[in-house]
Enquirer: 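So that we are looking at the same thing, I have put the structure below in structure tokens.
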Amino acid sequence: MNYQKLKGTLDFFQEEATKLRFVEEKAKSILKTFGFEEIITPIIEATDIFVRSSGDNSDIVTKEMYTFLDRGKRSITLRPEGTASVVRSFLENKLYVNSSLAKFYYCGPMFRYERPQAGRYRQFMQFGIEVFGEGGPFLEAEVIISAYKLLIALGIKGIKLKINTIGDFASRKDYADKLKTYFTGQIDDFCGDCKKRLEKNPLRILDCKIDSNKELVVNAPKIKDSLSLASLNNFNEVTDILTTMAVPYQIDELLVRGLDYYTDTVFEFILDVPGELQGLAICAGGKYADLVKNFGGPDIPGIGYAFGVERIMAVMTSQNLFNNLVKQTDIVIICLDPASKKMGLQLANQLRDENMIVEMDYKNYSLKQQFKLADKVNPRYIIIIGEEERNNGMITIKNTKNNTQEKIKKEQLIAYTKGKI
RNA sequence: GCGGACGUGGCGAAGUGGUUAACGCACUGGAUUGUGGCUCCGGCAUUCGCGGGUUCGAUACCCGUCGUUCGCCCCA
């Protein structure tokens, strides 16, 4: 019987696991400087949580969720995104009572039943943040800045920040109606999807890959003209702050997000790099003014974003940004007979207590074979213990950098290595 | 959900309608028994994703299936 991983899933081991953890740790350390705290929520939630938040017409809900009935006949879903769970937890635990602003980051697997391709998997890691509370344009800008700083800290080149405002629900409804009127009867030569979108969600016609370059689309009514003055002012302030903070951005009036809960400011960091990753979003998010309220909670706005960790790993790999992740061994202990092996084991663990990385060959007794193991892990020092050393309470220690060796008393070993490794 | 490409040992990769399935890396053993990383020699796929068909014969041809991968839709 041959077992293999499920379609669209990934095993991370050795170097890849190290990369994943590296990105995660870096992200955490930067967000901590912004005062974020970690929130860990379950991977499974009641299906309704996601239907409510993403919208029952969204693609995620209609065709991408892993949903099943548990033994109690409850509909359970593997989370397709992080925001809904965090909002649920925020409300359930009344995390709004102690402060007017709650800032969380999370990291974990998300699940979407899609056809895998470059940078897309059925189980993928997202690193994201959510902030609850009224913070105005400064908060929104800070959130975007935190994402930007993170990408800079990771060293990723070729990223572009696209930002837009889609207004509140009222102005969006108004805008959708305008678009509908505008496009009705005019899109006979548009793709089939766009024809469907006209009824369902006319905003999506604007970022259709096939039709978005058409004159009709380019000249379509702009969302700006449907926005409330407050929305408009807010957006202008956000971009102003970004400019002040020297965060390059590009206003993209066609940027509309796929999840229904967004309002006002939405943004994406996309990759502008050659190859298959070109154009992929590595971070996306926005404001959601009414999501908490719609969940039955107080009227508290939220804003957040999520990074696609695998995508970040992919770009970083292609840009050679994982240089210092090689496994490092400090010492290999070579033991030439069983009695020496026991002594070696003791020494190894004493050294490990000093935080040194120590390995040894458990199987062989010949010097040559053990040296071969040592070559593979390329240690700073090689210790040799045989009958000769044992009888004198000595060990031989060899510096592999300059190929010198000396005999020292085994009691001196810790002191000898101090400061050298 | 739709379309294309691909599927040979741990990895990379050649190959042909007929029985020894190249080669490289990795792994493993050895080149006289306490000093390696180089070199040399040996071992390592009864088997070419799986199931069926065509054929005297298939890893090679056909069908199906599963899987990988890329694109579309959508998205991180």
Enquirer: Check the geometry between F371(A) and rG37(B) and answer yes if their rings are stacked (centres below 5.5 Å, planes below 30°), otherwise no.
Expert: no
Enquirer: Any Lys/Arg nitrogen of K407(A) or E388(A) sitting under 4.0 Å from an Asp/Glu carboxylate oxygen of the other?
Expert: yes
Enquirer: Searching all strands shown, indicate the nucleotide that pairs with rA14(B) (Watson-Crick or G-U wobble; both distances under 3.5 Å).
Expert: none
Enquirer: CG of N364(A) versus C1' of rG34(B): gap in Å, rounded?
Expert: 15 Å
Enquirer: Taking a pair as Watson-Crick or G-U wobble with both distances under 3.5 Å, which nucleotide is matched to rC2(B)?
Expert: rG71(B)
Enquirer: Which whole-number value in Å describes the distance from Y262(A) OH to rA76(B) C1'?
Expert: 10 Å
Enquirer: Should rU39(B) form a Watson-Crick or G-U wobble pair with both distances under 3.5 Å, which nucleotide is its partner?
Expert: rA31(B)
Enquirer: Can you name the one residue among F36(A), Y305(A), F307(A), F127(A) that meets ring-ring contact (aromatic ring centres under 6.0 Å, His included) with Y105(A)?
Expert: F127(A)
Enquirer: Taking only the P atom of each, what is the distance from rC75(B) to rA13(B) in whole angstrom?
Expert: 35 Å
Enquirer: Measuring from the side chain of Q117(A) (C-beta onward, heavy atoms only), which nucleotide among rU28(B), rU35(B), rG71(B) has the closest atom?
Expert: rG71(B)
Enquirer: Determine the Euclidean distance between corresponding C1' atoms of rC11(B) and rU35(B); express it in Å to zero decimal places.
Expert: 32 Å
Enquirer: In whole Å, measure the gap between the P atoms of rG52(B) and rG57(B) for me.
Expert: 15 Å
Enquirer: If you look at every strand shown and take non-hydrogen atoms under 4.0 Å, does A284(A) touch a base, only sugar-phosphate, or nothing?
Expert: sugar-phosphate
Enquirer: Does some side-chain heavy atom of P301(A) sit less than 4.5 Å from a side-chain heavy atom of V292(A)?
Expert: no
Enquirer: Tell me: CG of D361(A) to P of rU35(B), nearest whole Å?
Expert: 17 Å
Enquirer: In whole angstrom, give me the gap between the P atoms of rA60(B) and rC50(B).
Expert: 10 Å
Enquirer: Does the side chain of D168(A) come under 3.5 Å of the side chain of S171(A) through a donor N or O and an acceptor N or O?
Expert: yes
Enquirer: Describe the nucleic acid contact of I282(A) in one word from base, sugar-phosphate, nothing, applying a heavy-atom distance below 4.0 Å.
Expert: sugar-phosphate
Enquirer: At 4.0 Å (heavy atoms only), tell me whether E387(A) reaches a base, stays on the sugar-phosphate, or touches nothing.
Expert: base
Enquirer: Return the value, rounded to whole Å, for the distance between atom CZ of F127(A) and atom C1' of rA76(B).
Expert: 14 Å
Enquirer: Identify the residue among I331(A), V358(A), I333(A) that makes a side-chain contact (heavy atoms from CB on, under 4.5 Å) with L347(A).
Expert: I333(A)
Enquirer: Are a donor atom and an acceptor atom from the side chains of E130(A) and Y288(A) found within less than 3.5 Å of each other?
Expert: yes
Enquirer: What nucleotide among rG71(B), rU35(B), rA76(B) has an atom nearest to a side-chain atom of T396(A)?
Expert: rU35(B)
Enquirer: Considering only NZ, NE, NH1 and NH2 on the basic side and carboxylate oxygens on the acidic side, decide whether E387(A) and R390(A) come within less than 4.0 Å.
Expert: no
Enquirer: If we take the P atom in both rG29(B) and rC38(B), what is their distance in whole Å?
Expert: 15 Å
Enquirer: When the distance from CG of L255(A) to P of rA76(B) is rounded to whole Å, what number comes out?
Expert: 11 Å
Enquirer: Report the nucleotide, chosen from rU35(B), rG30(B), rC27(B), that has the shortest atom-to-atom distance to any side-chain atom of K376(A).
Expert: rC27(B)
Enquirer: Side chain of K7(A), heavy atoms from C-beta onward: which of rG67(B), rU35(B), rA76(B) has the nearest atom to it?
Expert: rG67(B)
Enquirer: Between Q126(A) and rC75(B), is there a contact of a side-chain N or O with OP1 or OP2 at under 4.0 Å?
Expert: no
Enquirer: Pick the nucleotide of RNA chain B nearest each of L10(A) and P379(A); which residue has the one closer to the 5' end?
Expert: P379(A)
Enquirer: Can you tell me which nucleotide in rA76(B), rG29(B), rC73(B) comes closest to the side chain of Q369(A)?
Expert: rG29(B)
Enquirer: Tell me which nucleotide among rU28(B), rG71(B), rG34(B) gets nearest to the side chain of E388(A).
Expert: rG34(B)
Enquirer: Let's test this: given Watson-Crick or G-U wobble pairing with both distances under 3.5 Å, identify the partner of rC44(B).
Expert: none
Enquirer: Of the candidate nucleotides rG37(B), rC70(B), rC73(B), which contains the atom at the shortest distance from the side chain of R120(A)?
Expert: rC73(B)
Enquirer: If we take the C1' atom in both rU19(B) and rU59(B), what is their distance in whole Å?
Expert: 12 Å
Enquirer: In this structure, how many angstroms lie between the P atom of rA76(B) and the CZ atom of R311(A), rounded?
Expert: 8 Å
Enquirer: Go through rA76(B), rG34(B), rC2(B) for me and flag the one nearest to the E389(A) side chain.
Expert: rG34(B)
Enquirer: Would you mind telling me which of rG29(B), rC70(B), rA76(B) lies closest to the side-chain atoms of R112(A)?
Expert: rA76(B)
Enquirer: In the strands shown, is rG64(B) matched to any nucleotide by a Watson-Crick or G-U wobble pair with both distances under 3.5 Å, and which?
Expert: rC50(B)
Enquirer: Could you check whether N364(A) and S366(A), counting side-chain N and O atoms only, form a donor-acceptor pair closer than 3.5 Å?
Expert: no
Enquirer: Let me know the distance between CG of D11(A) and P of rC11(B), rounded to the nearest Å.
Expert: 13 Å
Enquirer: Considering only atom C1', compute the distance from rG24(B) to rU8(B) and round it to an integer number of Å.
Expert: 15 Å
Enquirer: Both distances under 3.5 Å, Watson-Crick or G-U wobble: report the partner of rU20(B), or none.
Expert: none
Enquirer: Say you pick atom C1' in rA14(B) and the same atom in rG30(B); how far apart are they, in whole Å?
Expert: 30 Å
Enquirer: Find which nucleotide of RNA chain B each of E276(A) and F269(A) is nearest to by heavy atoms, and output the residue with the more 5' nucleotide.
Expert: E276(A)
Enquirer: Regarding G128(A), tell me which of base, sugar-phosphate or nothing describes its non-hydrogen contacts under 4.0 Å with the strands shown.
Expert: nothing
Enquirer: Salt bridge check, K410(A) against E389(A): does any charged N sit closer than 4.0 Å to a carboxylate O?
Expert: no
Enquirer: Counting only side-chain heavy atoms from C-beta out, which of rA76(B), rU35(B), rC2(B) sits nearest to I384(A)?
Expert: rU35(B)
Enquirer: Using a heavy-atom cut-off of 4.0 Å across all strands, would you classify N403(A) as base, sugar-phosphate, or nothing?
Expert: base
Enquirer: Hey, is the side chain of Q370(A) pairing donor to acceptor with the base of rU35(B) inside 3.5 Å?
Expert: no
Enquirer: For L280(A) and rC72(B), what is the distance between atoms CG and P respectively, to the nearest whole Å?
Expert: 9 Å
Enquirer: Considering every strand and a 4.0 Å limit on heavy-atom distances, what is the contact class for Y305(A): base, sugar-phosphate, or nothing?
Expert: nothing
